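Given the structure is predicted, the values throughout are model-derived calculations rather than measurements. The chains referred to below are lettered A, B, ... by the order of the sequence lines, with proteins before strands, and numbering in each begins at 1.
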2 protein chains.
Amino acid sequence: MMSKNIVILGSTGSIGTQTLSVVRESGGRFRVAGLAVNSSVEALRAQVEEFRPEAAVICDPEAYAQAAGDWPYPDTALWCGMEGLIRLVQLESAGIVVTAIVGMIGLRPTVEAIRAGKDIALANKETLVCAGAYIMELARRCGVRILPVDSEHGAIFQCLQGVGEGQISGLILTASGGPFRGYTYDQLRKVTPEQALKHPSWRMGAKITIDSASMVNKGLEMIEARWLFGCKPNQIRVLVHPQSVIHSMVELVDGSVLAQLAVPDMRLPIQVALEYPERGRRVVQPLNLAAYGSLTFEEPDEEVFVSLALAREAMRLGGLYPAVLNAANEWAVREYLERRIGFTGIYDAIRRAMDFAAAKGLTSGSYELEEIWEWERRVREFLTQKRG
Amino acid sequence: MMSKNIVILGSTGSIGTQTLSVVRESGGRFRVAGLAVNSSVEALRAQVEEFRPEAAVICDPEAYAQAAGDWPYPDTALWCGMEGLIRLVQLESAGIVVTAIVGMIGLRPTVEAIRAGKDIALANKETLVCAGAYIMELARRCGVRILPVDSEHGAIFQCLQGVGEGQISGLILTASGGPFRGYTYDQLRKVTPEQALKHPSWRMGAKITIDSASMVNKGLEMIEARWLFGCKPNQIRVLVHPQSVIHSMVELVDGSVLAQLAVPDMRLPIQVALEYPERGRRVVQPLNLAAYGSLTFEEPDEEVFVSLALAREAMRLGGLYPAVLNAANEWAVREYLERRIGFTGIYDAIRRAMDFAAAKGLTSGSYELEEIWEWERRVREFLTQKRG
């Protein structure tokens with residue numbers, strides 16, 4: 001069996017390190033061709049030491065300059081910034097690019113990786129949320145696979161393997177419900193960043209943890225699912241399932257439901273994406289349902305977690321409205337963590353930004369990539385002005 | 001889309017009538033080519049009246065004679081007995097045969113249907129339990145599909161559609177656990193037929209209901225699964241799941257678990273088998289997991305429900321040992337319903353019959369079909385003598 005050459009964008013983050021853990025336990029199935037970080041020089045050095053990639057990228061110019069001064073790995077080229085990221089994803093030897101970089105910065109290298117014919121193991125949420133129509137069409141034209149790395153879309157992807165065209169009636173994204181499941185809107189309003197930074201099932205970064213607590217992440221996942229699986233917005237539902245064992249489900253036209261289950265461990269969806277269409281040997285704990293005893297389910301309270309309705313509206317409006325939602329959320333999470341707005345202020349910011357975009361004539365039609373950054377900037381400026 | 005022509009063996013039983021319900025709601029996707037019953041003349045007439053098959057069979061000679069006297073359907077031939085069943089499954093127009101007949105009598109027409117190149121929607125448990133190796137090899141040679149109709153194997157069949165060769169690590173058959181879940185062996189020993197004839201989730205016939213309460217049915221399903229899916233005996237496990245919503249699961253080599261869920265309604269697995277590889281429109285209620293609230297799981301108590309260990313032993317011994325187990329169980333259930341033995345006497349009879357077969361030199365090797373009936377007879381005689 002040939003080994004696959006992997007480029008990891010964001011190799012020192014949560015998904016990045018877990019990807020390397022999968023590589024480490026793969027028994028030679030994968031080789032690391034390239035690694036990219038923002039500024040974590042020490043962690044990057046340790047990874048280069050262990051995995052000996054062809055090239056590494058440090059996005060931050062200062063961190064790059066510091067590292068480049070005494071770079072002790074002659075076989076690993078060291079590059080910088082967006083230019084470096086783009087060279088990295090274009091590496092001749094690379095077969096698949098793991099886009100585990102967080103934020104809008106992940107979009108451009110993903111586009112270049114697709115243009116270079118590399119399969120994408122997609123962990124960067126912004127890619128499909130902001131540019132889903134564009135990316136899926138580009139991937140189709142370039143003949144590359146977009147393989148979801150998160151547990152929910154990975155579950156749906158697995159369930160759909162044996163399902164024919166036109167046999168899907170709906171997708172059910174499961175959600176842990178976050179730490180504030182059962183809260184009233186008024187209780188949610190008063191949640192502090194300390195409370196919000198806890199999460200029951202997954203260990204993650206701060207931005208994603210807040211998104212999970214606000215269920216904005218689930219709204220973003222609805223938008224991603226729409227593009228990944230070619231569904232209509234009204235075919236995508238969310239079901240709260242606190243144990244995070246059923247990672248998502250697919251409802252077929254005859255009423256049969258297919259589900260994918262596993263212990264909550266991100267290494268599995270990462271491995272599934274990297275191995276596809278093969279399956280690797282087990283690196284996660286086996287699932288013991290009897291030890292869980294029971295799995296519970298409830299409808300999300302959409303009167304409280306209005307993020308779901310907002311995401312549905314952004315999908316319905318189409319065009320760059322999901323990008324506007326995403327930009328407003330990014331802005332609002334930062335404001336919230338710096339204690340300038342309350343928790344439900346996140347929803348207010350999204351709502352205000354979407355109204356602003358509509359008032360400024362944002363349409364549902366197709367768009368150029370550049371417009372995404374343009375609207376991101378406009379939304380950020382609008383929200384910051386409003387605050388000031 | 002062409003309509004499929006269906007022959008139903010056992011059309012007035014539980015599976016048979018539900019199959020006709022699926023046909024009725026299929027909007028012309030299916031046509032009934034033939035119907036066969038044991039002796040339910042009135043019910044058969046009503047079905048012939050409605051579905052106008054080419055031919056009908058009444059197995060019981062007396063019932064046949066009575067019906068043939070004033071058979072008012074000139075376009076529906078009426079045949080009798082095993083000869084009739086065999087002619088029926090060989091009908092030129094038949095595409096798929098639903099083997100919903102109960103007991104060993106179902107084996108021979110199934111064999112003839114396979115030889116005639118008809119796909120099999122398999123509801124007769126004895127077929128694979130008693131002659132699994134023979135049937136699967138015959139089906140392979142004749143290029144016909146064996147499509148499981150029961151909910152557990154139907155679930156696994158659906159889960160496996162997108163799974164590649166060598167990617168399965170195990171099958172998990174779910175079990176309601178029956179009405180005596182949690183009982184001690186001593187409590188189980190004292191169970192009366194009245195108590196045993198209740199079943200929490202499915203409406204079924206008396207034999208199957210007792211098998212479900214004793215969990216012999218789950219042992220038989222393990223044996224069937226082994227043949228249907230080409231698994232090793234130690235790859236098949238049973239998990240108690242009282243709500244019967246997850247109908248079974250497949251564990252993959254990487255630790256991912258695929259499951260099929262639906263409301264407990266036999267019409268869905270019937271429809272899935274008939275429509276395969278298509279999917280029909282929904283005839284069952286949609287699954288509402290939030291309304292269930294929770295799904296629970298526990299390991300079966302194999303110290304009490306020793307049927308599972310007995311089935312495993314029969315699989316391990318191979319050859320006709322599963323047929324011996326089945327014959328002993330059939331004998332014992334009848335004895336139990338007639339109050340000649342206690343509930344756990346069913347297990348004792350199976351154990352004694354398997355010991356008897358071993359003592360009489362039954363091997364693990366291949367066998368001729370005739371030997372199945374021979375061993376069935378020997379087991380019945382042995383057990384009856386022992387009783388007397």
**Message:** Counting only non-hydrogen atoms closer than 4.5 Å, can you tell me which residues of residues 299-312 of chain B sit against chain A?
**Reply:** B:Glu299

**Message:** For residues 248-275 of chain A, which residue pairs pass the ring-ring contact (aromatic ring centres under 6.0 Å, His included) check, not counting sequence neighbours?
**Reply:** none

**Asked** What is the distance from atom CG of A:Leu295 to atom NE2 of B:His241, rounded to the nearest 0.5 Å?
**Response** 8.5 Å

**Partner set under ring pair (Phe, Tyr, Trp, His ring centres under 6.0 Å) for B:Phe51, not counting sequence neighbours** = none

**Fill in**
Nearest heavy-atom contact between A:Phe297 and B:Leu289 is CB-O, 3.6 Å

**Prompt:** Who in residues 249-256 of chain A is close to chain B, using a strict under-4.5 Å heavy-atom cut-off?
**Reply:** A:Met249, A:Glu251, A:Leu252, A:Val253, A:Asp254, A:Gly255, A:Ser256

**Prompt:** Considering only heavy atoms, which portion of A:Arg279 lies under 4.5 Å from any heavy atom of chain B: side chain, backbone, both, or neither?
**Reply:** both

**Message:** Heavy-atom pairs under 4.5 Å with chain A - which of B:Ser169, B:Ala155, B:Ala262, B:Gly280 has more of them than the others?
**Reply:** B:Gly280

**Prompt:** So which of A:Gly162, A:Pro277, A:Ala259 has the largest heavy-atom pair count under 4.5 angstrom toward chain B?
**Reply:** A:Ala259

**Proximity breakdown for A:Leu268 and chain B, heavy-atom pairs closer than 4.5 Å** = side chain

**Prompt:** Atom OG in B:Ser294, atom CD in A:Gln243: separation rounded to 0.5 Å?
**Reply:** 8.5 Å

**Prompt:** Taking it one step at a time, do A:Gln260 and B:Val257 satisfy side-chain contact (heavy atoms from CB on, under 4.5 Å)?
**Reply:** CA-CA 6 Å; A:Gln260 187 263 341; B:Val257 173; over 6 Å; no

**Prompt:** Just wondering, are more than 12 heavy atoms of other shown residues or ligands nearer than 6.0 Å to CD in B:Gln285?
**Reply:** no

**Prompt:** Top residue by heavy-atom pair count (under 4.5 Å) with chain B, among A:Val272, A:Thr296, A:Val283, A:Leu261?
**Reply:** A:Leu261

